[in-house]
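Since we're looking at a predicted model, the values are computed, not measured. Keep in mind that the numbers below use all heavy atoms, side chains included, and drop hydrogens, waters and symmetry copies.
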Amino acid sequence: MKAEFLIDDIIREGERSADEVEVFFTEGRSISAEIKQSIIGTAEESRGWRIAIRTIKDGRIGVSSTGDPGRWKECLAAALASGRIATPQDWHGLPKPTNMTSTAPSSDPDLIVEPERASAFIAGLLEGAAEYPVDVAGGGADLSRSYIAIANSNGVRYGMERTYAGVSLEAIREQSTGYEFMASPFAADIDPRWVGEQAAFLASHSVGGKDIATGHYDLILSPVAAAQLIGTVLVPALSGRNVQAGRSHLAGKIGEQCADEMLSIYDDPFTRGMGSTCWDAEGVPARRLDYISDGVLQCFAYDLKTAYRYGEESTASAVRSGGEGSPSIGVHNLVVDGPRTTVDDARAIFINSVVGAHTANPFSGDFSLEISNAYWVEDGEPGDPIRTAMFAGNVFEMLTGIAGLGNDSRIVGRLIIPSIRLNNQQIIGK
C-alpha cells in the first residue's frame, strides 16, 4: 500500500464527517544489536507503520492512531468518535501549504541499516572498553531509516526521511559502574570506540571514591548532566501552555534578564540534531526560535491549539513522540550556546551525570540530585573520584551564574549542549 494513496483515502473519507482532517504517517525499518556478556548478541530487524489521525469538527478535536494501515477506517472512526465528546476549542484551521526553501539535515544517505554495520559498531564499543580492566554489563547499537509525512485537508503534503544511529555501553568494575552513549542522524558522528572507552574509564576511575564534606564547590557539569537538568526544568518553562496556565517560572518575564548574559538558548530545526526538520508536527513551517539571547528572555513556544486559545501565533513548536496521538509543545534542536572557553583548567568537581533529574521541580526549578561518576579535575586531568553525594540548587538561579561554557558540544536527546562550569554550588556530602 503506497503511503500517498493511503493518506489521500483517509482525508477524502474524513472530510465526509469533519471540517478538517490531518494525517501523520511514519514508516521505518530498524536494526538493533545487543551486547551480552561481552560478546555480540543477536541483531534484530523490525519494520513498522504508524498513522495518527486528527479530525476537527466545530472546534472539537478528535485523535486516534494505529500501527496497522489496514485498519485506518477504524482509526478514523475512533478519531471522529473522540471528537464528538471533546470540549470545543477556539480553532482557526490547520495550516495551508507553503513553499519551503530551507533544508534540514534529518537523514544520512550513507547510513546503512544492516546487521553488519551494527556489528561493526558493537566491535568498536568492545574495543574501546578493553582499554580499562572492566567487565561489560551491557550495551548495543541501533540503526534506523524512516519516512515521515504529514498531510491535511487544506492541501499540505510534506514528507522527509529520518535516519538514526546510536550506541551505548555500560561497564562495571568492582562496585562501580560507568555508562556512555552517543546518538545522531549521521553515522559518521558516531565514535563507538570512544563510547566504550569512556564508559570503561568512568567505571574504572570511580573505584575507591572518597567522601567529601558538605559545602560549596566549583563544579563542571558534563553535557549529559547539564542536559538532564536543563531539559527537565527549562524546556517545560518555555512552553506557552505552561506560561498561559501560570505553571512556568518564566511567565511574564519577556524582555527580562533571566540567564547569564553570556548565555543564548535557541531552537534551531535546521542544524544537525535529533529533531532536524523543515516543518513541525502540525505542518507549520519550522523556524529558528531565539528563546534567550545574551541572557534576555525573548519568546515562548506555541503549537496551533495553544496559540489559537490565547491569541498567539504558532511558533512551529509542535512535536510528536513516536507518531502517536496528538502533537504537543516541545523543541526540535535546543541549542545552549555562548562564548566558549576551557572550563576544566581550575580545580573543580566534574559531574558526569545526575540521578533523579525527573524529580526536579519544573515550576520552581529547585532540585536535589545524586551525582554520578563524579571526580576532581584540574588542568584538564581527572583526579580523585568522589563517592556519591547530592547536588542541590535551583536551575533558574544556576543559569544566571554560569562561569563558563566548555569547548565541547554534543547531542543529548533534542539538546545540543556543552559542558557548563558553575562556581560556588552546594554539595551535600558527609
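- Between the side chain of Asp303 and the backbone N or O of Ala316 there is no donor-acceptor pair closer than 3.5 Å.
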Fill in: Candidate pair Arg193 and Glu131, rule side-chain contact (heavy atoms from CB on, under 4.5 Å), full reasoning
CA-CA 10 Å; Arg193 195 183 191 288; Glu131 292 293 321; 2.7 Å; yes
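- Side-chain contact annotation: Asn154 with Glu20, donor-acceptor N/O pair under 3.5 Å present.
- Listed by chain and residue number, Lys253, Cys258 satisfy the side-chain contact (heavy atoms from CB on, under 4.5 Å) test with Glu256 (two or more places apart in sequence, or in another chain).
- Under the 3.5 Å distance criterion, the side-chain polar atoms of Ser82 are matched with a main-chain donor or acceptor of Val63.
- For His249, the ring pair (Phe, Tyr, Trp, His ring centres under 6.0 Å) partners two or more places apart in sequence, or in a different chain, are Phe396.
- Donor-acceptor pairing under 3.5 Å is lacking for the side chains of Glu13 and Trp72.
- Residues Asn242 and Ser248 have side chains that never bring a donor and an acceptor to within less than 3.5 angstrom of each other.
- Under 3.5 Å, the side chains of Tyr179 and Gln198 contain no donor-acceptor pair of N or O atoms.
- The side-chain heavy atoms of Thr306 and Arg241, taken from C-beta on, include a pair separated by under 4.5 Å.
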Show me the side-chain donor-acceptor pairs of residues 274-286 shorter than 3.5 Å, one per line, residues at least two apart or across chains.
unit_1 : atom_1 : unit_2 : atom_2 : d
Ser276 : OG     : Thr271 : O      : 2.5
Ser276 : OG     : Gly273 : N      : 3.0
Ser276 : OG     : Gly273 : O      : 3.0
Ser276 : OG     : Asn333 : ND2    : 3.2
Thr277 : OG1    : Trp279 : N      : 3.2
Thr277 : OG1    : Trp279 : O      : 2.6
Asp280 : OD1    : Glu282 : N      : 2.9
Asp280 : OD1    : Gly283 : N      : 3.1
Asp280 : OD1    : Val284 : N      : 2.8
Asp280 : OD2    : Ala318 : N      : 3.1
Glu282 : OE1    : Leu304 : N      : 2.9
Glu282 : OE2    : Arg54  : NH1    : 3.4
Glu282 : OE2    : Arg54  : NH2    : 3.0

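- With hydrogens and angles left out, the side-chain atoms of Asp337 and Ser264 include no donor and acceptor closer than 3.5 Å.
- For Arg247 and Phe363, the positive end is not near the middle of the six-membered ring at less than 6.0 Å and at most 45° from its axis.
- A cation-pi arrangement is absent between Arg288 and Phe270, since the terminal nitrogen or guanidinium carbon is not both under 6.0 Å from the aromatic centre and inside a 45° cone about the axis.
- Salt-bridge check for Glu114 with Arg29: passed, with a basic side-chain N closer than 4.0 Å to an acidic carboxylate O.
- A salt bridge links Glu22 to Arg320: at least one charged side-chain nitrogen sits closer than 4.0 Å to a carboxylate oxygen.
- With hydrogens and angles left out, the side-chain atoms of Asp142 and Ser32 include a donor and acceptor closer than 3.5 Å.
- The existence of a salt bridge linking Arg410 and Asp408 is excluded, since no basic side-chain nitrogen approaches an acidic carboxylate oxygen closer than 4.0 Å.
- Ser153 places a side-chain N or O within donor-acceptor distance of the main-chain N or O of Val21, the cut-off being under 3.5 Å.
- Salt-bridge annotation for Arg71 and Glu74: present, with a side-chain N of the basic residue lying under 4.0 Å from a carboxylate O of the acidic one.
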Practice prompt. List the steps, then state whether salt bridge (Lys or Arg N to Asp or Glu O under 4.0 Å) holds for Arg157 with Glu4.
Written response: CA-CA 9 Å; Arg157 297 287 189 280; Glu4 59 266 34; over 6 Å; no
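- For Arg272 and Asp189, the salt-bridge test passes: some basic side-chain N is under 4.0 Å from an acidic carboxylate O.
- In this structure, Tyr302 has its ring center at least 6.0 angstrom away from the ring center of Tyr310.
- Between the side chain of Asp19 and the main chain of Asp58, a donor-acceptor pair closer than 3.5 Å is present.
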Practice prompt. Could you please spell out the steps behind the side chain to side chain donor-acceptor pair (under 3.5 Å) verdict for Ser46 and Ser30?
Written response: CA-CA 5 Å; Ser46 62; Ser30 64; 2.6 Å; yes
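- Under a cutoff of 6.0 Å and an axis angle of 45°, Arg50 and Phe25 do not form a cation-pi pair.
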